Participant: 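Here you go, one structure.
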2 protein chains.
Amino acid sequence: MPAVTQSLPRRLAEMPVLADRLRRHARKFTGARQAILAVLRHDSRPMSNKEIFARLPGGLCDLATIYRSLHLLEEVGMVKRFDLGDGVARFALLREDDDGHRHHLVCTRCAEVVEIEECCTPEVEKRISERSGFKAVTHRLEFFGICPTCQ
Amino acid sequence: MPAVTQSLPRRLAEMPVLADRLRRHARKFTGARQAILAVLRHDSRPMSNKEIFARLPGGLCDLATIYRSLHLLEEVGMVKRFDLGDGVARFALLREDDDGHRHHLVCTRCAEVVEIEECCTPEVEKRISERSGFKAVTHRLEFFGICPTCQ
DNA sequence: GGCAGCGATGCAAATCGTTTGCATTTGGCC
DNA sequence: GGCCAAATGCAAACGATTTGCATCGCTGCC
Ligand SMILES: [Mn+2]
Ligand SMILES: [Mn+2]
Ligand SMILES: [Zn+2]
Ligand SMILES: [Zn+2]
């Protein structure tokens with residue numbers, strides 16, 4: 001049980017609100033999507049397609065549908081994609097006013113994931129942009145280590 | 001032509017020295033490995049297996065051999081693996097006294113890669129370790145943006 | 001509430017990067 | 001030169017993700 005400051009539990013949107021966000025984008029609120037959103041709402045830890053699939057009531061939908069749904073949810077800004085360095089995409093629900101920028105600490109033994117509150121690069125990003133001539137500079141930062149349990 | 005400060009050209013080991021580093025680990029200095037190291041020595045930008053393969057004199061070795069060779073070179077600390085976020089592993093030669101810790105700025109349009117000199121997290125890493133109880137904390141940090149050419 | 005139409009889904013096959021089994025070759029060392 | 005473990009070629013296997021296509025089911029509209 002890592003002692004890191006977890007970000008405060010953000011109030012998660014109710015299902016009808018999520019349905020609305022989808023319809024606003026001319027997307028359907030299907031059974032599969034409802035179930036996927038329910039899973040993501042239940043646990044804020046970034047989850048892979050397979051993890052989500054495994055938590056769905058048996059055979060509710062095909063794995064391909066999960067992949068397609070998460071793409072769509074990412075497009076409309078309802079989920080954020082994370083790359084924790086193991087070649088598997090993970091997703092977490094986003095509040096409507098959240099850009100999802102955040103970082104994690106991942107145990108390299110058991111893959112436990114802890115959200116990190118720091119973002120060390122507010123001004124660094126600007127400095128890099130100025131020096132390089134690159135525009136729209138963003139960053140991806142993840143920490144790795146061995147969790148207390150695995151030590 | 002990005003204006004970013006490229007890291008100073010580090011003196012690269014001569015081929016015989018590289019051969020030696022391999023033999024010291026009881027590994028053979030084969031034709032394939034010699035060619036792969038030559039490619040990496042010629043261009044310090046992190047390169048994928050396929051990129052290296054493409055620069056090798058026609059059919060000098062199989063792609064599988066490149067994969068195996070890079071694993072081995074990584075094991076003995078002669079190359080460093082980078083993950084620039086596109087699902088393809090890239091590798092760069094390491095000097096004997098270099099741990100290879102560095103960061104990059106990647107153009108999301110044309111994939112141009114620029115090495116970044118900053119590492120914003122010397123003390124952050126320690127703070128995170130203390131707060132989380134995780135040991136051996138490291139980090140991976142990459143920047144993304146749109147290069148001058150692609151803007 | 002019923003309907004048409006477009007978006008969504010299931011299923012299977014395809015992709016892509018990477019790994020691996022196995023028979024064969026080769027570099028390093030005496 | 002010869003031995004032998006290490007290295008290689010080739011093709012098949014893999015795991016994550018994507019896609020083609022026929023079918024199905026939300027939604028907006030009447
Ligand atoms: Mn940040
Ligand atoms: Mn760093
Ligand atoms: Zn752990
Ligand atoms: Zn570019």
Side-chain angles (χ1 to χ4, degrees), chain A residues 15-39 46-54 56-76 78-79 81-91 111, chain B residues 15-39 46-76 78-79 81-91 106 111:
Chain A
M15 271 305 179
V17 176
L18 294 175
D20 234 43
R21 285 175 73 181
L22 269 180
R23 298 212 184 87
R24 246 184 285 151
H25 289 274
R27 297 297 157 73
K28 296 176 180 172
F29 189 62
T30 65
R33 292 174 187 175
Q34 177 167 354
I36 291 169
L37 288 167
V39 169
M47 268 183 286
S48 71
N49 287 275
K50 270 188 164 164
E51 285 171 332
I52 296 170
F53 186 54
L56 246 41
L60 188 151
C61 77
D62 194 81
L63 183 55
T65 297
I66 310 233
Y67 276 98
R68 284 192 274 229
S69 294
L70 287 172
H71 274 155
L72 181 148
L73 291 169
E74 187 184 15
E75 267 176 36
V76 304
M78 292 178 64
V79 303
R81 175 190 299 255
F82 293 102
D83 173 2
L84 268 30
D86 63 352
V88 181
R90 289 185 169 71
F91 301 85
Chain B
M15 271 303 177
V17 176
L18 295 175
D20 232 44
R21 286 175 73 180
L22 269 180
R23 298 213 183 87
R24 244 184 286 152
H25 289 275
R27 297 297 157 73
K28 296 178 181 173
F29 188 63
T30 66
R33 291 174 187 174
Q34 178 168 352
I36 291 169
L37 288 167
V39 169
M47 269 182 286
S48 70
N49 286 275
K50 271 190 165 164
E51 285 172 332
I52 295 170
F53 187 53
R55 282 161 213 249
L56 248 39
L60 188 151
C61 78
D62 194 80
L63 183 55
T65 297
I66 310 232
Y67 276 97
R68 284 191 274 229
S69 294
L70 287 171
H71 274 155
L72 180 148
L73 291 169
E74 187 185 14
E75 268 176 36
V76 303
M78 293 179 63
V79 304
R81 174 190 299 257
F82 293 103
D83 173 2
L84 268 30
D86 63 352
V88 180
R90 289 185 170 71
F91 301 85
V106 184

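Predicted model, so just to flag it, every value in this text is computed and none were measured.
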Participant: Show your working on side chain to side chain contact (heavy atoms under 4.5 Å, CB included) between A:Phe29 and A:Asp20 and close with a plain yes or no.
Facilitator: CA-CA 8 Å; A:Phe29 189 62; A:Asp20 234 43; over 6 Å; no
Participant: What is the distance, to the nearest angstrom, from the CZ atom on B:Arg68 to the C1' atom on D:dA6?
Facilitator: 11 Å
Participant: For A:Leu22 and A:Thr30, run side chain to side chain contact (heavy atoms under 4.5 Å, CB included): C-alpha distance rounded to whole Å, both residues' side-chain angles, the deciding distance at 0.1 Å, then the answer.
Facilitator: CA-CA 10 Å; A:Leu22 269 180; A:Thr30 65; over 6 Å; no
Participant: Between A:Cys61 and B:Ala64, which residue's closest nucleotide on DNA chain C lies nearer the 5′ terminus?
Facilitator: A:Cys61
Participant: Can you measure from SG (A:Cys61) to CD1 (A:Ile36) and round to the nearest 0.5 angstrom?
Facilitator: 5.0 Å
Participant: Expected output is a numbered-order residue list: members of residues 22-34 of chain A with a heavy atom under 4.0 Å from any atom of DNA chain D. What is it?
Facilitator: A:Arg23, A:Lys28, A:Phe29
Participant: Side-chain contact, heavy-atom cut-off 4.5 Å: A:His71 with A:Arg68?
Facilitator: no
Participant: Please check if the side chain of A:Arg33 supplies one atom and the backbone of A:Lys28 the other of a donor-acceptor pair under 3.5 Å.
Facilitator: yes
Participant: From CG of B:Leu63 over to P of D:dA7, roughly how many Å is that when rounded to an integer?
Facilitator: 18 Å
Participant: Provide the start and end nucleotides, 5' to 3', of the part of DNA chain C that has atoms under 4.0 Å from heavy atoms of chain B.
Facilitator: C:dG17 to C:dG28
Participant: Does a side-chain N or O from A:Tyr67 land closer than 4.0 Å to OP1 or OP2 of D:dT18, or not?
Facilitator: no
Participant: Assuming nearest nucleotide by heavy-atom distance, tell me which of B:Asp62 and A:Val88 is located more 5' along DNA chain D.
Facilitator: B:Asp62
Participant: List the atom of A:Val88, the atom of A:Ser48, and the distance in Å for their closest heavy-atom pair.
Facilitator: CG1-CB, 3.5 Å
Participant: Which is true for A:Ser48 with a 4.0 Å heavy-atom rule: it touches a base, it touches only sugar-phosphate, or it touches nothing?
Facilitator: nothing
Participant: What is the distance, to the nearest angstrom, from the CG atom on B:Asp86 to the P atom on D:dA16?
Facilitator: 18 Å
Participant: A:Ile52 has an atom CD1; how far is it from atom P of D:dT17, in whole Å?
Facilitator: 11 Å
Participant: Which whole-number value in Å describes the distance from A:Phe53 CZ to D:dT17 P?
Facilitator: 14 Å
Participant: With a 4.5 Å cut-off on side-chain heavy atoms, are A:Met78 and A:His25 touching?
Facilitator: no
Participant: Over all strands shown, is B:Leu70 touching base, sugar-phosphate only, or nothing at heavy-atom distances under 4.0 angstrom?
Facilitator: nothing
Participant: Which heavy atom of B:Ala32 sits nearest to which heavy atom of B:Thr65, and what is that distance?
Facilitator: CB-CG2, 3.9 Å
Participant: To the nearest 0.5 Å, what is the distance between CG on A:Leu70 and CD1 on A:Ile66?
Facilitator: 7.0 Å
